[in-house]
Number of protein chains: 2
Amino acid sequence: MKEGPDIAQIGALIGDPARANMLTALMGGKALTATELAGAGGVTLQTASAHLAKLEAGQLLVQRKQGRHRYFALADDGVGKLLESIMGFAAGRGHLRHRPGPKEPALRKARICYDHLAGDYGVRMLDSLVARGAIDAVGDGLALTPTGESQLQSIGIDVRDLKSSRRPLCRSCLDWSERRAHLAGSLGKALLSSFFEKGWAHRTAGSRSVVFSPEGERQFLALFPAAS
Amino acid sequence: MKEGPDIAQIGALIGDPARANMLTALMGGKALTATELAGAGGVTLQTASAHLAKLEAGQLLVQRKQGRHRYFALADDGVGKLLESIMGFAAGRGHLRHRPGPKEPALRKARICYDHLAGDYGVRMLDSLVARGAIDAVGDGLALTPTGESQLQSIGIDVRDLKSSRRPLCRSCLDWSERRAHLAGSLGKALLSSFFEKGWAHRTAGSRSVVFSPEGERQFLALFPAAS
DNA sequence: TTCATACTTCGATCGTAACCGAAGCATTGT
DNA sequence: ACAATGCTTCGGTTACGATCGAAGTATGAA
């Protein structure tokens, strides 16, 4: 026994409901204060503080103090990726916790997955990009084509800038609601940011769902037509 | 709160050390009896029985009774994939549990990852296949080329047969020891099986490591030269 | 039938970790 | 300087789950 890395440790970190809820809340991509996270976890501030300390010690979270606030965020892209893969797995076995609530359809339609767009709209966007030859899909790997590069450049995405980062440009991310891939990576992030900047959509307060304005929705659907 | 799938539940399942050890043992790909798993988990038979019941209820394991034995195995490919991704994550943060023991180098050299070859040799094999144009790698996606298909056919891998299955032919799997990708999917499985059949290598008793015979090692290294 | 092996169920113990109230720091605002 | 806000630390309680001994069931062997 005692072979390989210690999966029990991180399993235990994620295994507590309060911590799991906090992590899920942080999948929204925004850094949150300890008080907000206490609310998300359904525990008091003291308890949340203890949980956050553990998560930080386990390197799942990073802390940034700003004035008298303490903002917590997922430590890096890898944590988001891990959580999303567990969510995908859990969803696949019907380990759904939610009795379908009012917010749920909105969440399935469009939500934030750490830093990029997920849900029905996220899947549609990737499908559309592949259909028009902007992105090459081989297996579950994605790569931007030269065609795609110029297409995106013309929408106002500075692809050259993104390329210089060491983070992968395109990555596929399994969507737990759609059970299909959507676009992650720095390009996925940049696209979502551009939707916010253009005013097509905005984040919601306490949720991960993304709400499109009527005009934004029209533009989005026109830009990314359904791949027949 | 209460958004999305219940990640806490499976986190908790993996979060117990005894259960984590059992799951790790089952990553060897072989079905094991309750008694063997009790040994792997370092607990008594009664305790193991309780753990196994939980893992089965959580759909991580399946049970097959055979005479008076009860064999347990990972429920499906998805579980193996999940565990490996958690291992990769844990290894990346130095959550290594093992003080490097005697078996450890062997494990890093070649081991079974659920049903395919991992470790240094697993990575080398994929690199070599990519270098010779047998496999296309785009991002982290893999696809068999026509060239590769005939190459493998000539080594005695029935690729056409594999293609008919709905399981993906090629998948990349992140190696926790090498931190690079190795080949998973039905092709990865078929290749490892062929090594066993040819007598190049064999599994070890209580471990996930794969041991090559001197002659088998020679053949393997010749077939998959290091991609310079 | 009887014994042995493989495993499960029951019952009780024990340890740990989650939890909250209260008090203690730190930072900001007045 | 004093109060208010945001968060952490301390102390004590509680509850859950991991654990094992012992007894119970099932399968196979003698």
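Every heavy atom of this structure was used, including side-chain atoms; hydrogens, water molecules and symmetry mates were not.
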What N/O pairs connect the protein and nucleotides 7-14 of chain C at under 3.5 Å? Give each pair on its own line.
residue: dC7(C); atom: OP1; partner: R70(B); partner atom: N; Å: 3.1
residue: dC7(C); atom: OP2; partner: T35(B); partner atom: N; Å: 3.3
residue: dC7(C); atom: OP2; partner: T35(B); partner atom: OG1; Å: 2.2
residue: dT8(C); atom: OP2; partner: S49(B); partner atom: OG; Å: 2.6
residue: dT8(C); atom: O5'; partner: S49(B); partner atom: OG; Å: 3.2

Practice task
Go through DNA chain D in 5' to 3' direction and return only the first and the last nucleotide with some atom under 4.0 Å of chain A's heavy atoms.
Solution key: dA4(D) to dT9(D)
For residues 11-18 of chain B, dump all side-chain donor-acceptor pairs below 3.5 Å to protein atoms at least two apart in sequence or in another chain.
residue: D16(B); atom: OD2; partner: A18(B); partner atom: N; Å: 3.0
residue: D16(B); atom: OD2; partner: R19(B); partner atom: N; Å: 3.2

Handout entry: Residues in side chain to side chain donor-acceptor pair (under 3.5 Å) contact with D158(B), at least two apart in sequence or another chain
Key = none
Using residues 28-43 of chain B as the side-chain source, report each donor-acceptor pair under 3.5 Å to any protein atom, sequence neighbours left out, with the distance given to one decimal.
residue: T33(B); atom: OG1; partner: E36(B); partner atom: N; Å: 3.2
residue: T33(B); atom: OG1; partner: E36(B); partner atom: OE1; Å: 3.3
residue: E36(B); atom: OE1; partner: T33(B); partner atom: N; Å: 2.8

Practice task
Starting from C1' on dA17(C), measure out to CG on D16(B) and report it in whole angstrom.
Solution key: 13 Å
Practice task
Classify the nucleic acid contact of K65(A) as base, sugar-phosphate or nothing, counting any heavy atom under 4.0 Å across all strands shown.
Solution key: nothing
Exercise for the section: Go through the structure and list residues passing side chain to side chain donor-acceptor pair (under 3.5 Å) with K198(A), not counting sequence neighbours. Expected result: none
Practice task
Before accepting this row, confirm whether a basic side-chain N of the pair D76(A)/R93(B) lies closer than 4.0 Å to the acidic partner's carboxylate O.
Solution key: yes
Fill in the blank from the handout: Per nearest nucleotide of DNA chain C, the residue lying toward the 5' end, V43(A) or Q66(A), is V43(A)
Practice task
List in chain and number order the residues that pass side chain to side chain donor-acceptor pair (under 3.5 Å) with Q46(A), two or more places apart in sequence or in another chain; answer none if no residue qualifies.
Solution key: T44(A)
Handout entry: Rounded to 10 degrees, the angle between the two terminal axes of the helix from dT1(C)-dA30(D) to dT30(C)-dA1(D), each from five pairs
Key = 20°
Problem - Residue pairs, two or more places apart or on separate chains, that pass side-chain hydrogen bond (donor to acceptor under 3.5 Å, both in side chains) and touch residues 115-124 of chain A - result: D115(A)-R167(A), H116(A)-H182(A), Y121(A)-E217(A)
Fill in the blank from the handout: Hits for side chain to side chain donor-acceptor pair (under 3.5 Å) against E56(A), two or more places apart or cross-chain, chain-then-number order -> Q63(A)
Exercise for the section: Could you note down all residue pairs passing salt bridge (Lys or Arg N to Asp or Glu O under 4.0 Å) where residues 171-183 of chain A supplies at least one of them, sequence neighbours left out? Expected result: D77(A)-R171(A), R111(A)-D175(A), D127(A)-R180(A)
Side-chain polar contacts of residues 187-197 of chain B - donor-acceptor pairs under 3.5 angstrom, sequence neighbours left out - could you list them?
residue: S193(B); atom: OG; partner: K189(B); partner atom: O; Å: 2.9
residue: S194(B); atom: OG; partner: L191(B); partner atom: O; Å: 2.7

